[in-house]
There are 2 protein chains.
Amino acid sequence: MNSVNETTRDRRRIETQERILAEARRLFAEAGYDRTTIRAIAAAAQVDPGLVMHYYGNKQQLFARAAETKSQAVLDGTADEIAEQLLDRLRQSLIEEPVASLAVLRSMLTHPDAADEVRENAQLRGSTFSKVIPGDDGELRVDVVSAVLIGVVLGRHLLKLDHLADADPDKIIELLRPAVESLTRAE
Amino acid sequence: MNSVNETTRDRRRIETQERILAEARRLFAEAGYDRTTIRAIAAAAQVDPGLVMHYYGNKQQLFARAAETKSQAVLDGTADEIAEQLLDRLRQSLIEEPVASLAVLRSMLTHPDAADEVRENAQLRGSTFSKVIPGDDGELRVDVVSAVLIGVVLGRHLLKLDHLADADPDKIIELLRPAVESLTRAE
DNA sequence: CCAGATATTCAACATCTGTAGAATGAATTC
DNA sequence: GAATTCATTCTACAGATGTTGAATATCTGG
């Protein structure tokens with residue numbers, strides 16, 4: 001009954017909830033929102049489908065939880081510094097497979113909620129960004145850079161274009177550096 | 001009974017078949033493979049669902065037909081000429097909405113057939129391309145360029161990133177020219 | 001105008017889906 | 001150790017989906 005003392009039951013429940021969420025993330029990333037069924041998630045978590053509903057309400061909410069991603073620090077600095085920060089983030093996304101992000105990316109073309117989140121993310125990325133970039137086309141540049149970066153992550157992890165999927169992340173970054181810099185610098 | 005003389009019945013049937021195919025294309029592009037139902041296609045074409053099956057066999061085959069795209073000429077020339085051809089094609093994809101291509105793009109993250117077609121397309125794009133590009137990383141460069149271009153078309157037509165969706169195609173092309181050139185030229 | 005061909009619709013199926021509520025079983029508290 | 005709380009499972013429903021085969025309506029050729 002104590003809120004500080006955690007009983008075995010609590011621990012087990014939390015463990016189960018987390019297992020469900022982890023499997024949901026994994027499956028959403030693998031197959032996207034529509035093709036991932038509550039029943040499949042339940043089976044993967046070795047649990048009854050009803051329990052999934054009980055803990056997460058419904059499929060949309062479960063997806064929202066599974067798609068949660070640690071909010072990134074806002075970009076800052078000169079145009080060149082911003083470019084470098086973008087490339088750093090991209091490198092991270094190329095090295096590991098950011099499961100939650102992949103769930104969103106995989107679903108963005110068919111699930112409106114996922115598309116919204118991608119758009120928000122791109123917009124957020126541009127909040128300070130577009131002010132730093134000289135010229136009157138800052139906002140367009142932000143969108144273009146976002147689209148480019150999305151394309152690359154997509155091509156590597158989801159589409160798995162042969163050479164892009166196998167390549168050394170640093171090699172890819174080096175290839176993209178001039179491209180990103182040309183987009184963050186006004187002509 | 002003559003094969004050269006086209007009867008009214010023939011004309012009507014062909015008209016119906018084409019109407020079905022056109023609506024299928026439109027809906028697949030709008031909602032993707034999974035979310036587009038045979039019933040919805042039939043309704044849009046003002047026809048019975050059974051007729052759709054009768055003419056196109058099953059959903060996969062219908063998608064395959066709807067996703068058919070006029071095969072593009074193979075790229076050729078120097079690295080810079082290839083870059084220019086790529087930018088030209090991109091401009092076309094930005095100006096009009098290539099419905100069949102959008103159907104494939106919209107579905108590529110959840111429908112294996114669509115993903116295959118995108119990969120093949122990227123691969124084909126690279127057949128001559130990677131030989132012209134100097135350096136030993138030609139194939140990787142092809143994949144990266146493909147990913148970038150996919151990202152931009154996606155961002156404009158499907159994701160509809162605000163400023164990217166509204167911008168003048170030529171403006172976008174000019175922003176991307178240095179990026180594409182830096183990728184087609186060896187450093 | 002009639003018989004046959006054929007374009008199109010009707011009716012039905014088996015399956016899968018998200019979801020709800022009752023039932024069960026195990027841990028906790030007193 | 002009995003009563004109670006609560007994590008979990010069982011059972012079921014209602015709607016949607018791809019697909020099928022029989023039935024119908026329309027056109028064609030003689």
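Lettering of chains follows the sequences in order, A, B, ..., and the numbering in each one begins at 1.
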Nearest-neighbour nucleotide for the [X] side chain, [options] considered:
X	options	result
A:D48	D:dG18, D:dC10, D:dT8	D:dC10
B:T37	D:dT8, C:dT17, D:dT17	D:dT17
B:R9	D:dT26, D:dT17, D:dT8	D:dT26
A:R13	D:dG18, C:dT8, D:dT8	D:dT8
A:I38	D:dT28, C:dT19, D:dG18	C:dT19
A:R12	C:dA27, C:dA7, D:dT28	C:dA27
B:T7	C:dA27, D:dC27, C:dG18	D:dC27
B:V47	D:dT19, C:dT9, C:dA27	C:dT9
B:P49	C:dA27, D:dT19, D:dT28	D:dT19

Separation of atom [atom1] in [X] from atom [atom2] in [N], rounded to whole Å:
X	N	atom1	atom2	answer
B:M53	C:dA11	CE	C1'	16 Å
A:I41	C:dT19	CD1	P	11 Å
B:K59	D:dT20	NZ	P	14 Å
B:D10	C:dA7	CG	C1'	10 Å
B:L51	D:dT26	CG	P	14 Å
B:Y33	D:dT17	OH	P	13 Å
B:E15	C:dT6	CD	P	20 Å
B:R11	D:dT28	CZ	C1'	13 Å

**Message:** Does the plane of the ring in A:Y33 sit parallel, tilted or perpendicular to the ring in A:F63? Use 30° and 60° as the thresholds.
**Reply:** perpendicular

**Request:** Answer yes when B:E30 and B:R26 have at least one side-chain N-carboxylate O distance shorter than 4.0 Å, and no when they do not.
**Result:** yes

**Asked** Checking all strands, does A:Y55 fall into the base, sugar-phosphate, or nothing category for heavy-atom contacts under 4.0 angstrom?
**Response**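 Sugar-phosphate contact only - A:Y55 comes under 4.0 Å of backbone atoms but never of a base.
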
**Item:** Upstream residue (5' side of DNA chain D) when B:T8 and B:D34 are each assigned their closest nucleotide
**Value:** B:D34

**Prompt:** If only side-chain N and O atoms of A:T16 are considered, is one of them under 4.0 Å from the OP1 or OP2 phosphate oxygen of D:dA7?
**Reply:**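 For A:T16, the contact criterion (side-chain N or O under 4.0 Å from OP1 or OP2 of D:dA7) is not met.
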
**Request:** Heavy atoms only: give me the nearest A:L164-A:G155 pair and the separation to one decimal.
**Result:**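 That closest heavy-atom pairing would be CD2-C, 3.7 Å.
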
**Request:** Spell out, as yes or no, whether a donor-acceptor pair under 3.5 Å connects the side chain of B:H157 to the backbone of B:A165.
**Result:**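 No, because the side chain of B:H157 does not come within donor-acceptor range (under 3.5 Å) of the backbone of B:A165.
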
**Request:** Could you tell me whether a side-chain N or O of B:Y56 sits under 3.5 Å from a main-chain N or O of B:Q17, the two making a donor and an acceptor?
**Result:** yes

